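We name chains A, B, ... by the order of the sequence lines, and we start the count at 1 in each one. Computed from heavy atoms alone, side chains included, the values below leave out hydrogens, waters and symmetry copies. Note that this is a predicted model, so its numbers are computed, not measured.
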Amino acid sequence: MSQERTTSDIPKIYEPKAVEAHWNKTWQENGSYDATVNPNRKPYTIVIPPPNVTSVLHIGHALNNTIQDILTRFYRKKGYEMLYLPGTDHAGIATQAVVEKNLKKEENLTRYDLGREKFVERVWAWKEKNGNAIIHQLKEMGCSCDWKRERFTRDEAYSHAVLEVFIRLYEKGDIYKGHRIVNWDPAAATALSDEEVIHKEVQGKLYHIRYKLKDSDDFISVATTRPETLLGDTGVAIAPDDEEKAHLIGKTVIIPLVNREVKIFSDEHVDKDFGSGFVKATPAHDPNDFDMGKRNDLSQILMLDKDGKILPVCLLVKGDEETPELPNPDFLAGLDRFEARKKIIVELKKIGQIEKIEDYTHSVGHSERTDVPIEPYLSSQWFVRMKDLAAPALKAVVDGTVKLHPGDRWYKTYIHWMENIHDWCISRQLWWGHRIPIYYCNDTGRMVAKHTREEAIEALGTENIRQDEDVMDTWFSSWLWPFATLGWPEKTEDLAYFYPTQTLVTAPEILFFWVARMIISGYEFMGEAPFKDVYLHGTVRDNQGRKMSKSLGNGIDPLNIVEIYSADALRSTLMMLSSEGQDINLAESDFEIGRNFSNKIWNSYRFLGMNLDDISDDYQAYSDNFEVADKWILSRLDRTIQSVTGSLEAFHMSDAFKAIYHFFWDDFCDWYLELIKARLYDDVDPAGRKTAQTVATYVLKQCMHMLHPVIPFITEEIWQRLKNDDEDDLVKAAWPEAIGQIDQDAETEMAFVQAVITGIRTARGEMNIPPAARANLLYRTTENKISGMLEAHSTYIQSLARIDSIVAITDQSDLQSAAAVVVNGAELFIPLAGLIDVELEKKRLDKEIGRLEKQVTGLEKKLSNDSFLAKAPAEVVAKDKQKLHDFAEKLGKLKQNLDRL
RNA sequence: GGGCUCUUAGCUCAGUUGGUUUAGAGCACCGGCCUUACAAGCCGGGGGUCGUAGGUUCGAAUCCUACAGGGCCCACCA
């Protein structure tokens, strides 16, 4: 694309919409994001944490995906064969819940009305319709994923991998069926894993209920938060060290309402000082009681059904068998557990068996998905034995094979969890998910794990078989994500090349759900960790620090931000406001930061475009004509390349962005572009103009490289307008390297020039002298070097500080109405008769003097301290001495000037 | 109950292994500017006893201890 000298076609305000749409399309059409097996390059793989198909992406995803895409674009430009693999998760419980809700709302049907097969078809249809929203969002945000490789956890090949894993673990004995207390979600009527349970503080009551002793008028008092479960009591426990009650051991008590006779026993779980010292034991509905039951040989009696309603008749559980036991009172049968709680208390009060009721705050587990209180429930479920599987994954983090970033924050948490890992309940009583590949022989009860019914028939030798009804926990498929997406269990080229992946970027909330389990499965099935680095970023919150949620209505929709502010602005703002691993508080208006930055970039390009003779960045051809500003900006550029590259490599994405942001805005725009204006406007010195043009073009192009990972669209757009014909698109073009242009002398000299200009500006600003009022500058110094620099860079000072002439003086004549500034020992005077308010200038000098005096006093005190002189390193002392000298000199000169007025 | 983390300018946050930073940035605020790239901009300015109390040290926002408050994670307390 060639660039006309005229610039009327470059709009003053950057308009991102068309640009972003254009590049989104072009990059995809050009296959810029595609990854192919390429033995000549090192692979770098990032897999997206697959979002749930149910959800639309929120701003937290935007942060997550932005970080991934920054790494992706950076390493792609660094020359790696970059694969950023996209996809979505079928999210068993969540998706099923959404579809069930819609079904109820729109057709007043339940899943049972449809039946399993029809219902699952509906879920698929829903997925086809809504699943694309996420992919669309990712594209809008500029994520450079290889879209051809999009995966879904219920794809055919992926499903095969999930079943394969189940079968292998089952055959190894690491998956077993157990009859246990699980976390039951009565709303979804399914079991949950421990990780899907969220504990919340709940204001409840502690009920003290009287149980009659058999053959006696005495009673004991039992304390419980869940009186309704007494229907399933099969014992009452006391503490082993409770001497007062020891004589009751072996005695029989009668459970009210059901009149079941149970024994009193002692168990270590009981604390004699809590409540009444008696604990009712309901082994089928409480995990502790379950354990006590095991230890004391209590029977297990179910009193609730799978929906959390009271059973008409209790069920005695023995292994897989359930037999009717005592009937429950009519007024309770069929009632919801919370309704039953109220009723049973009313009834117990009536018959005088409530001793007292106390307020009691305790924590109650809630379902992560449906938010209803969890019911500990005795049922038959599938479990994965985790302890041995987890061992290599624990070791990997301990020895640094897998690194967590920021490490100090999550390391201990990870270790603690892995050392105390529990068996994983993976069966769910849902219909949407990977069905458990266990087939039972209806005659013998024998079971086998097979991919298909046909294989099972062959193995069992009969057609009279049935498949297990349950499906697997969603996480039992997502824990295979890094390799199942690449074709496992087939030995594909992709798998060999792209696995292990490099970096996993995710939120710390799913460290255990997902990250830890992926490491476990990686070792088990691939023999090595699935990634080397795990980057855990913070949570995005609203500007009051609250979590964003639907109910609060404080969420921010990334697409809306893209619409209003652009994808570039979305991304850059997130980087500007985030810091490593720390939560971010965001208001919608914050995205102006990114929008303004894009506009600044646009205008720097616009300015340059207006002042180019032709497009060339061959600045080295003009090195003989370099001025200090050129050497300085090239030197600063080198430093910036080093720090940006280093920060990105160390996962300090935000630091990297801030470094390039400030280099671009402060050094390049505010100083360099201002300093070269004189040359750009100069028609009689073509070499000088050309030098400024080529250096500016080169630096701008280098900035586009470094900004590209964060703001891909505008940088590519500008790059295309400036690039040479033989250069690649920015998305692919090689990442810049520092090339040894650091020039300490130029930096020192520029620092002086900047100090002079800033000093003059400050004096003028504080005097309220309008910029239109030009002034002359007088200076006095004894150092030739200083005067030399002032002479050499007079054009810089004149144009940026609005000075007409610069003249050396030796006396003090004509300084009555001059403002004074001291820089590096040189006294600068701005005589402005009529414009200077002498009183104001006195005040200004006073303030400056006061500030310096404080410094000088402090340093003098420090330097007169013998232990400081003796113990501090010599260089620290020397530095302070130099500092004191400089401050004292400046102070003296300022005082003189104050006297003069 | 255990662990982690945070508390620095009005707001949101940086501040790397204790000494070049007079404790910084962005936003907000105040003053001056439509200076031929950009008012989504430019140039200045004010504003902080670095949560509290001790301790270590020549020297602490930075290390240690206790306390207060916010957040998160883990934990079977009836």
Scan A:K862 against the nucleic acid and name what it touches under 4.0 Å (heavy atoms): base, sugar-phosphate only, or nothing.
-> nothing
Counting N and O atoms only, with roles assigned by atom type, does the side chain of A:S363 sit under 3.5 Å from a partner on the main chain of A:H199, one being a donor and the other an acceptor?
-> no
In whole Å, what separates the P atom of B:C67 from that of B:C4?
-> 14 Å
Donor-acceptor pair present, A:K600 side chain and B:C38 base, under 3.5 Å | yes
Residue closer to the 5' end of RNA chain B, A:K890 versus A:R802 (nearest nucleotide) = A:K890
Indicate whether the side chain of A:N603 and that of A:Y14 have a donor and an acceptor atom separated by less than 3.5 Å.
-> no
Which base sits across from B:A66 as a Watson-Crick or G-U pair, both distances under 3.5 Å?
-> B:U52
On the 0 to 90° scale, with breaks at 30° and 60°, tag the A:H285-A:Y377 ring pair as parallel, tilted or perpendicular.
-> perpendicular
For nucleotides B:A9 and B:C27, find the distance between their C1' atoms and express it as a whole number of Å.
-> 12 Å
Which value, in whole Å, describes the distance between the C1' atoms of nucleotides B:C63 and B:U22?
-> 24 Å
Compare side-chain N and O positions of A:K658 against OP1 and OP2 of B:G24 and report whether any pair is under 4.0 Å apart.
-> no
By the Watson-Crick or G-U definition, both distances under 3.5 Å, B:C4 is matched with B:G71
Would you classify A:Y565 as touching base, sugar-phosphate or nothing, given that sugar-phosphate means primed atoms plus P, OP1 and OP2, and contacts are heavy atoms under 4.0 Å?
-> nothing
Pick from A:R341, A:R337, A:K280: which one makes a salt bridge (charged side-chain N to carboxylate O under 4.0 Å, His left out) with A:E228?
-> A:R341
Is any side-chain N or O of A:S363 closer than 4.0 Å to OP1 or OP2 of B:A75?
-> no
In whole angstrom, give the distance that lies between atom OH of A:Y414 and atom P of B:C72.
-> 24 Å
Short side-chain N/O contact to B:G46 OP1/OP2 from A:R851, under 4.0 Å = yes
Nucleotide forming a Watson-Crick or wobble pair with B:A25, both distances under 3.5 Å = B:U12
Could you check whether A:P873 gets within reach of a base, just the sugar-phosphate, or nothing at all, counting any heavy atom under 4.0 Å?
-> base
